[in-house]
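Worksheet: one structure, shown below.
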Amino acid sequence: GGAFAGCTGLTSVVIPNSVTSIGYCAFKGCSGLISVTIPNSVTSIGGWAFKDCTGLTSVIIPNSVTSIGDRTFYGCKGLTSVVIPSCVEKIHEYAFGEIPNLQVDIYNEEGEVLIHPKAFRGDAKINYLGKKKVKEDKMKQTELILKLSYAIADLRDEGKSEESLAVKIALKLLCDN
C-alpha cells in the first residue's frame with residue numbers, strides 16, 4: 001500500500017520540493033482529501049496515487065511532470081477540471097477514469113503526448129490546446145481516412161455517380177461512427 005493510503009481524515013497535502021515522484025497508491029482512498037499541492041520537483045505521478053480521493057476538488061499538475069500513471073485520479077468524483085501541461089509525455093490507462101463532468105485542457109506546445117485510449121474513461125470533455133496534435137488525434141485521423149477509403153471503394157464497386165457517391169460516403173461515415 002501507499003504511505004498515506006486510506007487516511008480518510010487527511011484534508012490537505014503540500015508535497016515538499018525534495019520529492020521527485022509520487023509513488024504507487026500514495027494517497028489512494030483518502031476520501032477526505034480536498035486539495036493537494038504538487039511542487040515543480042515532481043516528474044512522475046505513480047499509478048493509483050490519488051485513486052478514489054472522492055473529496056479532491058482541484059489539483060494542479062506542475063510543468064515538471066512527464067508521466068501520469070494508470071488510475072492516478074480514477075474515481076476522484078469531486079474533480080471538475082484539470083490542466084495537463086505541455087511537458088506531460090504520457091497519460092496511462094484510466095488515469096482520469098470515472099470522473100463525471102471532468103473538463104480537461106491538454107497543452108502540447110513542446111511535443112506529442114501519448115494518451116491511452118481509456119485515459120479519460122467516462123464523460124470527460126477534452127480540449128487539445130497548442131501547436132501540435134496529440135498522437136491519439138493522429139490515430140483517429142488515420143482511422144477516418146481508412147474508413148473513407150473503404151467507403152469510396154465499396155461505393156465505386158456499386159457503380160455510383162460522383163454526386164451520389166459523396167452523399168453515400170457521408171452517410172456511411174456517420175453510421176459507422
Side-chain angles (χ1 to χ4, degrees), residues 1-140:
F4 299 96
C7 292
T8 57
L10 193 61
T11 58
S12 178
V13 172
V14 176
I15 297 169
N17 286 327
S18 58
V19 174
T20 58
S21 179
I22 299 172
Y24 177 79
C25 291
F27 298 96
K28 179 184 176 271
C30 294
S31 56
L33 187 61
I34 296 168
S35 70
V36 61
T37 302
I38 302 171
N40 280 327
S41 58
V42 172
T43 57
S44 69
I45 305 173
W48 298 50
F50 296 96
K51 183 182 182 293
D52 295 327
C53 291
T54 54
L56 192 61
T57 56
S58 71
V59 64
I60 297 172
I61 298 169
N63 285 328
S64 55
V65 172
T66 58
S67 177
I68 300 171
D70 65 295
R71 292 172 176 79
T72 299
F73 295 98
Y74 185 96
C76 294
K77 298 180 186 317
L79 277 179
T80 56
S81 68
V82 67
V83 174
I84 308 292
S86 61
C87 58
V88 172
E89 297 169 358
K90 192 165 189 179
I91 302 172
H92 293 263
E93 183 177 28
Y94 300 115
F96 295 90
E98 302 307 321
I99 304 173
N101 304 312
L102 181 65
Q103 176 70 48
V104 182
D105 290 335
I106 299 175
Y107 287 87
N108 53 331
E109 301 276 335
E110 307 283 322
E112 294 177 333
V113 57
L114 290 171
I115 300 174
H116 190 282
K118 295 180 182 173
F120 298 99
R121 184 161 183 186
D123 59 354
K125 292 156 194 73
I126 303 169
N127 296 317
Y128 297 111
L129 309 167
K131 295 177 185 172
K132 295 186 178 186
K133 291 290 180 190
V134 296
K135 286 191 178 181
E136 181 184 61
D137 277 354
K138 285 184 180 178
M139 290 187 309
K140 285 180 184 176

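All values below come from the heavy atoms of this structure, side chains included, with hydrogens, waters and symmetry mates left out. Keep in mind the model is a prediction, meaning the values are calculated, not measured. Start at 1 with the first residue, then count along the sequence.
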Non-hydrogen side-chain atoms of I15 and V36 separated by less than 4.5 Å
yes
Non-hydrogen side-chain atoms of T37 and V13 separated by less than 4.5 Å
no
Side chains of V83 and I60, heavy atoms from C-beta outward: is any pair under 4.5 Å?
no
Is any side-chain heavy atom of D70 closer than 4.5 Å to one of Y24?
no
Note, L56 side chain near F27 side chain (heavy atom, < 4.5 Å)
no
Distance, nearest 0.5 Å, that separates CD of E98 from NZ of K51:
10.0 Å
Heavy-atom check, side chain of I68 versus side chain of I84, under 4.5 Å:
yes
Going through the checks in order, is the side chain to side chain contact (heavy atoms under 4.5 Å, CB included) test met by I91 and L114?
CA-CA 6 Å; I91 302 172; L114 290 171; over 6 Å; no
Can a donor-acceptor pair be found, under 3.5 Å and without considering hydrogens, that links the side chain of D123 to the backbone of N101?
yes
Return the minimal non-hydrogen interatomic distance between C30 and G6, and the atom names on each side.
SG-N, 4.0 Å
Correct closest heavy-atom pair for S81 and L102 would be N-CD1, 3.7 Å
So CD1 of I22 and OG of S44: to nearest 0.5 Å the spacing works out to 8.0 Å
Where S64 and C87 come nearest, the two heavy atoms and their spacing
N-SG, 3.7 Å
Locate the shortest heavy-atom distance separating K77 from I99; write the atom from each residue and the value.
CA-CG2, 4.5 Å
For the residue pair T66 / T43, report whether a side-chain donor-acceptor contact shorter than 3.5 Å exists.
no
Counting C-beta onward and ignoring hydrogens, is there a side-chain heavy-atom pair between L33 and F50 closer than 4.5 Å?
yes
Just checking, any donor-acceptor pair under 3.5 angstrom between side chains of Y94 and R71?
no
Can you list the steps and then say if Y107 with V88 is a side chain to side chain contact (heavy atoms under 4.5 Å, CB included)?
CA-CA 9 Å; Y107 287 87; V88 172; over 6 Å; no
Tell me the closest heavy-atom pair linking T54 and S31, and the distance in Å.
OG1-CB, 3.6 Å
Can you tell me how far CH2 of W48 sits from NE2 of H92, rounded to the nearest 0.5 angstrom?
15.0 Å
So how far is it from N63 CG to S86 OG, rounded to the nearest 0.5 Å?
6.0 Å
Might you point out which heavy atoms bring I106 and V113 nearest each other, and give the distance in Å?
CG2-CG1, 4.2 Å
Using side-chain heavy atoms (C-beta onward) and a distance below 4.5 Å, is N127 in contact with Q103?
yes
